[in-house]
2 protein chains.
Amino acid sequence: MAQRKSPPRRRPAAAPRPRDAEQTRSEILHAARVLFATRGYANAGMREIAAAAGITPALVVRYFGSKRDLFIAAIESDIGLGPFLGPDRATVGRHIARYFFSKPMREADTLSILLHAAGEPEVCDLATELLAARVIQPLARWLGPPRAEARAALLLAIISGTWLFRQALPMRAFTGGPDTALASCMAAQIQHVVDGLPEA
Amino acid sequence: MAQRKSPPRRRPAAAPRPRDAEQTRSEILHAARVLFATRGYANAGMREIAAAAGITPALVVRYFGSKRDLFIAAIESDIGLGPFLGPDRATVGRHIARYFFSKPMREADTLSILLHAAGEPEVCDLATELLAARVIQPLARWLGPPRAEARAALLLAIISGTWLFRQALPMRAFTGGPDTALASCMAAQIQHVVDGLPEA
DNA sequence: GCTAGAAGTCAACAGCCGTTTACAAAAAAG
DNA sequence: CTTTTTTGTAAACGGCTGTTGACTTCTAGC
């Protein structure tokens with residue numbers, strides 16, 4: 001019905017994918033990030049990733065070597081907490097909370113990928129080291145004394161916990177937008193840690 | 001070398017497991033809880049669970065029906081936040097923090113099992129509903145206004161985030177005991193939420 | 001136009017998965 | 001003692017996994 005003339009002997013139907021290696025590579029990476037973030041390492045299959053990128057699983061291997069190497073490439077991207085670590089310390093809580101509650105859920109962000117790596121025997125150590133080096137350390141340096149590392153760890157725990165329940169265990173209490181009570185509570189909470197956290 | 005007389009024709013070596021159905025069942029359940037908590041649903045195999053319980057995978061199926069039913073049985077146990085929700089609101093933060101930082105890591109607790117269910121297509125909904133019904137709701141009822149549900153969600157996020165990094169992504173900053181700076185920071189943080197959390 | 005190599009597809013591999021079936025042995029019932 | 005039921009094992013099933021090698025097909029260089 002679509003094509004009338006020209007017997008389609010060697011053209012199955014659709015255009016057979018433009019041969020652009022660079023774009024294909026980035027499409028694979030994007031598909032991998034989406035699936036690693038939503039389903040986790042074990043549940044994201046190579047065939048599934050390849051299908052999402054519109055290609056064949058063999059090609060994924062040719063571009064990235066193995067599933068583990070693909071995962072490594074997928075987390076070689078910034079976590080995104082850096083932009084908040086500026087000189088303005090008074091409103092950073094509100095900014096971070098607004099950022100995380102405005103993000104569309106089920107997005108392919110690095111934090112989700114890393115959180116999903118928990119307990120995966122193949123990639124757990126990778127994720128742990130990356131979080132320590134790229135999040136905890138810069139955050140602690142930015143926070144400064146007292147108890148910089150503990151406060152940085154606590155901040156990461158708050159953000160990760162909230163994000164985990166928004167993304168992967170989507171309970172009703174976490175699914176709202178940036179103007180909900182939870183978002184403002186989270187903002188206050190983060191600000192409280194940034195401001196120094198008086199003794200309990 | 002061990003046995004001298006009596007040709008061991010029909011006794012391979014060790015005693016062939018005492019036939020106690022009730023104990024076998026509870027051993028399977030314990031092994032399943034340990035492996036679900038440490039490796040997650042997808043990475044905990046039936047053969048692995050059976051081996052940890054000292055039996056055959058077929059027997060696991062006979063006792064519990066399927067892997068999913070085994071998981072359901074494994075989370076049919078209290079989360080353990082209930083004991084803290086008593087009349088003493090002034091020190092609950094310290095008590096919860098001390099409890100979680102005193103627990104041995106890699107223990108087979110229900111919270112770890114549920115957090116590991118994030119993104120698992122087969123059991124994610126189950127875990128979400130259970131956390132909402134057994135944690136968020138009683139916690140919100142105990143906290144009371146203002147913004148009870150948001151504060152309950154935030155508390156769950158703080159505890160879950162900290163516990164996740166202690167158990168499954170064991171970074172150095174989280175691996176200490178109950179007398180570390182992080183534990184006292186967490187106690188202060190929890191107490192701050194319990195006390196009402198002033199506006200940001 | 002011809003050729004070399006890049007880009008992509010296809011089918012198959014070995015290995016693991018949850019589950020099932022068939023069977024052995026111990027205990028209990030008669 | 002014989003029979004039945006319970007408790008356990010052994011082996012296999014189909015299906016899915018990551019990965020491989022042989023094979024097309026398009027494109028760039030001479």
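We name chains A, B, ... by the order of the sequence lines, and we start the count at 1 in each one. Just so it is clear, the structure is predicted and the values come from calculations on it, not from any experiment.
A sub-4.0 Å separation between OP1 or OP2 of C/dA7 and a side-chain N or O of A/Thr24 is absent. Close to D/dG8, at under 4.0 Å from its OP1 or OP2, lies a side-chain N or O of B/Tyr63.
One interatomic measurement links the two molecules: CG of B/Leu59 to P of C/dA25, which rounds to 17 Å at whole-angstrom precision. Rounded to an integer number of Å, the gap from B/Arg19 CZ to C/dA25 P is 10 Å. Going from atom CD of A/Gln23 over to atom C1' of C/dG8 covers 15 Å, rounded to whole Å. Rounding to whole angstrom units, CD of residue A/Glu48 and C1' of D/dG18 are separated by 14 Å. What separates CD of A/Glu122 from P of D/dT17 is a distance of 15 Å, to the nearest Å. Atoms CZ (A/Arg39) and P (D/dT17) sit 11 Å apart, rounded to a whole Å. Distance, A/Leu35 CG to D/dT17 P: 12 Å, rounded to whole Å. We find that CZ of A/Arg68 is positioned 11 Å from P of D/dT19, with the value rounded to whole Å.
Side chain of B/Arg166 to backbone of B/Met105: no donor-acceptor contact under 3.5 angstrom is found.
Counting any heavy atom pair closer than 4.0 Å across all strands shown, B/Ala50 reaches no nucleic acid atom. A/Ile55 comes within 4.0 angstrom of the backbone, heavy atoms only, and of no base. Note on A/Ala53: nothing from the nucleic acid sits closer than 4.0 angstrom, heavy atoms only.
Mapping B/Ala58 and B/Glu22 onto DNA chain D by nearest heavy atom places B/Glu22 at the nucleotide closer to the 5' end. Both A/Arg62 and A/Tyr41 lie near DNA chain D, and the one whose nearest nucleotide falls closer to the 5' end is A/Tyr41.
Atom CZ of A/Arg89 sits in a crowded spot, with more than 12 heavy atoms from other residues, nucleotides or ligands closer than 6.0 Å.
One donor-acceptor pair, N or O on each side, does fall under 3.5 Å between the base of C/dG18 and the side chain of B/Arg47.
With A/Glu27 as reference, A/Gln23 is the one residue of A/Gln23, A/His30, A/Arg25 to meet the side chain to side chain donor-acceptor pair (under 3.5 Å) rule.
Using bins of under 30°, 30° to 60° and over 60° for the plane-to-plane angle, the ring pair B/Phe165/B/Phe174 lands in the parallel bin. A perpendicular orientation is assigned to the rings of A/Phe71 and A/Phe36, their planes being inclined by more than 60° (bins at 30° and 60°).
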